[in-house]
Amino acid sequence: MGAKDPDRVVSPPSPMTAPTLAEMHVRRWELRADCNRCKVQLRVSLPAMIRAQGPDAIWWGQHPTCPGYECPGGKLTYYARAISSGSWVSMTSVPDERTIAFWRSSRRARGRARGRVR
């Protein structure tokens with residue numbers, strides 16, 4: 001619902017859907033960061049984040065400091081959305097070890113199905 005194509009179903013952002021920055025980029029998610037102190041909202045470029053942090057970086061539950069000069073001690077909270085007309089979902093939940101293990105095993109299974117193993 002809410003998408004231009006009513007037959008298209010997109011699962012909402014969750015650590016089970018796309019735990020890493022590269023998977024978020026492949027699924028065309030949008031990210032934004034909000035500061036808890038100065039209330040600035042920053043649009044996040046996933047390709048730039050992937051270059052800086054690496055494609056397998058798990059960004060769920062991360063709260064880096066605000067980059068503003070006038071904002072000492074501010075922390076950023078990240079939000080994601082799967083489609084442009086969708087709602088923003090907070091990325092504060094940290095994926096547990098079982099979620100990461102399941103993601104890694106499914107990634108290996110997909111690699112074997114395509115004829116290559118990573």
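The figures that follow rest on heavy atoms only: side chains count, while hydrogens, waters and symmetry mates do not.
Side-chain contact between L21 and W59 is present, with at least one heavy-atom pair separated by less than 4.5 Å. The closest side-chain heavy-atom distance from L76 to H63 is not below 4.5 Å. Counting heavy atoms from C-beta on, the side chains of M91 and M24 come closer than 4.5 Å. Between R32 and W88, some side-chain heavy-atom pair lies under the 4.5 Å cut-off. In this structure, the side chains of Y69 and C38 stay at 4.5 Å or more apart for every pair of heavy atoms. Proximity of S84 to E30: side-chain heavy atoms (C-beta onward) are separated by under 4.5 Å at one or more points.
Across all non-hydrogen atoms, the minimal contact from R81 to P13 is CA-CG, 3.7 Å. In terms of heavy atoms, R37 sits closest to C71 at CB-SG, 3.8 Å. The two residues A80 and L31 have their closest heavy-atom pair at CB-CD1, 4.0 Å.
For CD of Q41, the number of neighbouring non-hydrogen atoms (other residues, nucleotides, ligands) closer than 6.0 Å is greater than 12.
Both V40 and Y78 are members of a single hydrophobic cluster when ILVMFWY side chains are connected at heavy-atom separations under 4.5 Å. In this structure, W60 is a member of the same hydrophobic cluster as V44, with clusters built from ILVMFWY side-chain heavy atoms closer than 4.5 Å.
With hydrogens and angles disregarded, no donor-acceptor distance shorter than 3.5 Å links the side chain of H25 to the backbone of L46. Distance alone, capped at 3.5 Å, places no donor-acceptor pair between the R98 side chain and the A101 backbone. Between the side chain of W29 and the backbone N or O of I83 there is no donor-acceptor pair closer than 3.5 Å. In this structure, D34 contributes its side chain and T77 its backbone to no donor-acceptor pair below 3.5 Å.
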